[in-house]
Amino acid sequence: MSRLTHINAPDGVFPATAYTHVVMGTGRFVAISGQLPLDQHGELVGEGDPGAQARQVFDNLRRCLLAAGGDFGDVVKLTYYVTDMAHMPAIRAARDLHMDPARLPASSAVQVAGLVAPQFLMEIEAYAVL
């Protein structure tokens, strides 16, 4: 298991509430490509439903982390690509099912004009240190 240090409020930086400003770790670096709300058969989960899509994306991220020998406790950075920032509460709710709210990773959220197909409301990538 990696050893991660979370710095929520570096000197002179306003404290974060939904992410951590700085996460440092030692170990093996793992990059997980942006995950879409597709099940194991390549079928869309939750058409038009940001909550269902977010839960599927986080389940896919969990499986990718397990394949690398890690878990959500090893994640140092999440990047959210969303077609509408209004989806962020659903994404945070799905994230909080898997991650300790007191030890959240560094994060960025980007609203995009579209993803690889119009039915996708989000894509989420992760970096971890194992």
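The figures here come from the full heavy-atom set of this structure, side chains too, leaving out hydrogens, waters and symmetry mates.
Nearest heavy-atom pair, S107 versus P105, reported as atom, atom and distance to 0.1 Å: OG-O, 3.4 Å. Nearest approach of L61 to A126, heavy atoms of both residues: CD2-CB, 4.1 Å. Smallest separation of non-hydrogen atoms from A106 and V23: N-CG2, 3.6 Å. Here the shortest heavy-atom pairing between E125 and I32 reads CB-O, 3.4 Å. The minimum heavy-atom distance between L104 and M99, with the atom names listed, is CD2-CB, 4.3 Å. Shortest non-hydrogen contact noted between V110 and M85 is C-CE, 3.8 Å.
Under the side chain to side chain donor-acceptor pair (under 3.5 Å) criterion, S108 pairs with K77, not counting sequence neighbours. Under the side chain to side chain contact (heavy atoms under 4.5 Å, CB included) criterion, A68 pairs with V30, L130, not counting sequence neighbours. Residues satisfying the side chain to side chain contact (heavy atoms under 4.5 Å, CB included) criterion with Q40, sequence neighbours excluded, are absent altogether. Among residues two or more places apart in sequence or in another chain, the side chain to side chain donor-acceptor pair (under 3.5 Å) test is passed with R103 by H6. Under the rule for a salt bridge (charged side-chain N to carboxylate O under 4.0 Å, His left out), the partners of R62 that lie at least two apart in sequence or sit in another chain are D59. Under the side chain to side chain contact (heavy atoms under 4.5 Å, CB included) criterion, D11 pairs with no residue, sequence neighbours left out. Contacts of P15 classified as side chain to side chain contact (heavy atoms under 4.5 Å, CB included), with partners at least two apart in sequence or in another chain: N8, A9.
One distance of note links CZ of R3 with CE of M24; it measures 14.0 Å at 0.5 Å rounding.
Both L115 and L44 are members of a single hydrophobic cluster when ILVMFWY side chains are connected at heavy-atom separations under 4.5 Å. Put simply, V45 and I91 are part of two different groups of oily side chains (I, L, V, M, F, W, Y) that touch within less than 4.5 Å, one to the next. Note: the hydrophobic cluster containing L36 does not contain I124 (ILVMFWY, side chain heavy atoms under 4.5 Å, direct or indirect links).
Identified under the ring pair (Phe, Tyr, Trp, His ring centres under 6.0 Å) test for residues 102-130, with sequence neighbours left out: F29-Y127. Within the structure, the ring pair (Phe, Tyr, Trp, His ring centres under 6.0 Å) test picks out the following pairs touching residues 77-100 (sequence neighbours left out): F72-H98. The side chain to side chain donor-acceptor pair (under 3.5 Å) analysis of residues 12-25, with sequence neighbours excluded, yields no pairs. Listed by first then second residue, pairs satisfying side chain to side chain donor-acceptor pair (under 3.5 Å) with a partner in residues 47-56 read Q56-N60, not counting sequence neighbours.
Residues L4 and V76 meet the side-chain proximity criterion, which asks for heavy atoms closer than 4.5 Å. A 4.5 Å side-chain heavy-atom check between V22 and P10 finds at least one atom pair inside the cut-off. Taking 4.5 Å as the limit, every side-chain heavy atom of Q111 sits out of range of all side-chain heavy atoms of T83.
Alongside L66, the hydrophobic cluster contains no other residue (criterion: ILVMFWY side chains under 4.5 Å).
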Problem set entry | Worked verdict on M88 versus V82 for side chain to side chain contact (heavy atoms under 4.5 Å, CB included) | CA-CA 8 Å; M88 289 306 298; V82 296; 4.0 Å; yes
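Counting only distance, with no hydrogens or angles, the side chain of D74 and the backbone of D71 share a donor-acceptor pair below 3.5 Å.
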